Amino acid sequence: MSRDRKVFVRGIVAAAALVTVTGFAHAQETLKIGLLATLEGPFAAPGQDSMRGADLALKQKNGMAGGKKIEFVKVSSDATPDKAVNATRKAVEQDKVQIMIGPLSGDEGIAVKNYAKTQPNITFINGSSGAQAATLSDPAPNFYRFNTEGAQWMVGLGEHALSKGYKKTFLIAEDYGFPYSQVQGFMASYCAKGGKVVDKAWVPLGTKDYASVIAKIPKDVDALLVVLGGSDAVNFLTQYEQAGGDKPMIGGSITVDQTVLNYKGKRRESLLGTASAGPMADSIDTTEWKKFVADYKANFKDGFPSPSLFAYLYYINTKATLDALDAVKGDLSNGQKAYREALQKTNFVGPAGVVKIDSNRNGVGTTYITEVTKAPDGSFYNKVVKSVPDISQSLGLPDADFKKMGLGSRDVPDCRT
């Protein structure tokens with residue numbers, strides 16, 4: 001072989017090797033996605049299940065999206081806005097994630113939404129935060145929430161409570177954005193149709209002693225409206241049991257979630273029949289829900305008898321994140337323009353129904369009215385008694401009526417007399 005011929009062949013071989021190496025490197029390119037949940041404080045158990053939901057969505061895609069290997073950069077908060085923003089800032093500014101999923105709790109979501117405005121080249125996708133104001137009030141153009149929010153989750157529950165004869169209720173709820181939204185979703189229709197919330201006890205997140213609250217519960221109310229979550233809900237239920245309380249309850253979406261339902265105590269039995277509402281329910285009878293539950297149980301032996309609300313919400317938000325990456329083949333150039341357009345167009349059938357968003361990048365979907373039921377194995381679950389489809393942030397009200405009412409707060413709505 002001539003010298004020139006040998007040089008030519010070597011060049012071909014080298015070029016082929018370079019293409020192979022480059023192709024392999026490209027195939028193995030890693031995209032970091034931040035994942036924030038509350039692994040400390042009163043929502044630590046929900047936070048752990050949130051991570052399970054996100055991990056399951058990624059596992060179902062074999063750890064890949066948009067042709068890239070996905071690495072979760074996991075950070076933790078304690079359900080406080082400051083801690084949530086600090087953890088998010090670390091993931092974005094130090095760990096250099098290009099997409100951020102989270103947070104879990106209501107006021108955290110508002111705080112992260114505000115931080116998102118300072119990082120226009122990063123896309124932020126909600127975890128499970130359910131405060132209305134995260135998307136309804138001064139929204140950030142790069143913050144997406146594929147789940148419906150706390151007020152949407154309670155639409156229809158007021159009418160159901162009235163049908164059970166609960167005409168006068170007393171409220172116990174945590175004093176921050178998410179419970180405000182939940183209470184508004186319940187009271188908007190409950191008050192309009194003749195129900196009375198005779199008084200409200202707002203308690204700090206992380207409250208351990210409920211003695212003073214229990215002491216002020218009126219004797220003549222028909223039921224308690226309890227909008228507490230995590231260890232707060234368990235602490236209240238335990239202390240109410242010890243005080244001899246016997247009023248039936250109407251629960252917020254996370255008050256009788258799987259993270260609370262299976263706590264130990266005599267009061268647990270009295271939860272049977274407790275009405276609640278939310279964006280999912282343990283007994284949804286669809287192929288998609290059954291597959292989700294089966295996959296969850298198969299992958300997380302340390303999980304709950306059924307996926308919690310938090311696992312479900314992190315799952316659908318993570319799935320939307322990854323599906324949009326597939327749609328644009330991992331292209332995050334030009335300020336992530338194509339990626340965000342793909343997110344806006346997201347529309348898939350999730351475990352609890354269609355997942356889609358509105359012009360404020362907030363979920364529109366079905367609310368499930370449920371009652372706590374005991375399974376043959378002794379575990380408790382939420383059985384669907386009614387579903388209310390296509391709930392938007394105006395809560396089924398004409399836009400003018402909703403705007404007149406305003407965002408939920410300590411005093412909005414009000415129907416004491």
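It should be emphasised that the depicted structure is a prediction, and the values quoted were computed from it without experimental measurement. What you see below is based on every heavy atom in this structure, not just the backbone, and it leaves out hydrogens, waters and symmetry mates.
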Cut-off 3.5 Å, side chains only: do [X] and [Y] have a donor facing an acceptor?
X	Y	value
Asp175	Tyr180	yes
Thr123	Gln336	yes
Glu159	Ser189	yes
Tyr315	Gln60	yes
Thr259	Asp257	yes
Asn142	Gln119	no
Glu108	Ser129	no

Given 3.5 Å as the limit, does a donor-acceptor pair link the side chain of [X] with the main chain of [Y], or not?
X	Y	value
Trp289	Asp282	yes
Gln152	Gly365	no
Asn317	Leu313	yes
Asn360	Leu136	no
Asn62	Met64	no
Tyr240	Lys247	yes
Thr255	Gly229	no
Glu29	Gly67	no
Gln239	Lys208	yes
Tyr314	Leu104	yes

Approximate separation, where rounding is to 0.5 Å, of [X] [atom1] and [Y] [atom2]:
X	Y	atom1	atom2	value
Met100	Ile125	CE	CD1	11.0 Å
Asn147	Asn362	CG	CG	7.0 Å
Arg340	Leu332	CZ	CG	9.5 Å
Phe186	Cys191	CZ	SG	8.0 Å
Asn86	Tyr115	CG	OH	10.0 Å
Phe124	Arg361	CZ	CZ	13.0 Å

Please determine if [X] and [Y] form a salt bridge, counting it only when a charged side-chain N lies under 4.0 Å from a carboxylate O.
X	Y	answer
Asp49	Arg52	yes
Glu341	Lys345	no
Lys61	Asp326	yes

So do [Y] and [X] actually touch side chain to side chain, heavy atoms under 4.5 Å?
X	Y	value
Asn235	Thr207	no
Glu371	His160	yes
Glu149	Gln393	yes
Pro307	Gln258	no
Val197	Val183	no
Phe300	Asp295	no
Ile316	Pro351	yes
Phe43	Ser50	no

Do you know the tightest heavy-atom contact between [X] and [Y]?
X	Y	result
Pro248	Asp222	CG-O, 3.2 Å
Leu407	Ser137	CD1-CB, 3.9 Å
Asp377	Ser379	OD1-OG, 2.7 Å
Phe72	Ala54	CE1-O, 3.7 Å
Ala87	Leu36	CB-CD1, 3.8 Å
Ala131	Ile110	CB-CD1, 3.9 Å

Worksheet item: Listed by chain and number, what are the salt bridge (Lys or Arg N to Asp or Glu O under 4.0 Å) partners of Lys374, not counting sequence neighbours?
Response: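 Only Glu269 meet the salt bridge (Lys or Arg N to Asp or Glu O under 4.0 Å) criterion with Lys374.
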Worksheet entry | Stepwise side chain to side chain contact (heavy atoms under 4.5 Å, CB included) test for Leu237 and Leu271 | CA-CA 9 Å; Leu237 292 170; Leu271 291 177; 4.0 Å; yes
Practice prompt. Measure from NZ or CZ of Lys319 to the centre of the six-membered ring of Phe348, then state whether that distance is under 6.0 Å and the direction lies within 45° of the axis.
Written response: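 Cation-pi check for Lys319 and Phe348: passes.
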Worksheet item: So does Lys193 have more than 12 non-hydrogen atoms from other groups sitting under 6.0 Å from NZ?
Response: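 No - once you tally the heavy atoms of other residues, nucleotides and ligands closer than 6.0 Å, there are 12 at most.
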Discussion item. Within the supplied structure, the quantity of interest is the number of heavy atoms (other residues, nucleotides, ligands) at a distance under 6.0 Å from Lys167 NZ; does it exceed 12?
Written reply: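 Atom NZ in Lys167 is not packed in, count stays at 12 or less.
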Discussion item. Go through it in stages, so that I can follow the logic: the residues are Tyr381 and Ser306, the test is side chain to side chain contact (heavy atoms under 4.5 Å, CB included), and I'd like the CA-CA distance, side-chain angles, deciding distance and then a yes or no.
Written reply: CA-CA 8 Å; Tyr381 70 99; Ser306 187; 6.0 Å; no
Less than 3.5 Å apart, which donor and acceptor atoms pair up between the side chains of residues 385-392 and the rest of the protein, not counting sequence neighbours?
{"from": "Ser392", "atom 1": "OG", "to": "Ser394", "atom 2": "N", "distance (Å)": "3.4"}
{"from": "Ser392", "atom 1": "OG", "to": "Ser394", "atom 2": "OG", "distance (Å)": "3.0"}

Item to complete: Any chance you could lay out the side chain to side chain contact (heavy atoms under 4.5 Å, CB included) test for Val256 and Thr370, step after step, and finish with the verdict?
Response: CA-CA 10 Å; Val256 287; Thr370 62; 5.6 Å; no
Item to complete: Determine, step by step, whether Tyr144 and Thr346 satisfy the side chain to side chain contact (heavy atoms under 4.5 Å, CB included) criterion, reporting the C-alpha distance in whole Å, the side-chain angles of both residues, the deciding distance to 0.1 Å, and the verdict.
Response: CA-CA 11 Å; Tyr144 295 75; Thr346 293; over 6 Å; no
Discussion item. Applying the side chain to side chain donor-acceptor pair (under 3.5 Å) criterion to Arg145, which one of Thr135, Asn126, Asp358 satisfies it?
Written reply: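 One option only clears the test, and that one is Thr135.
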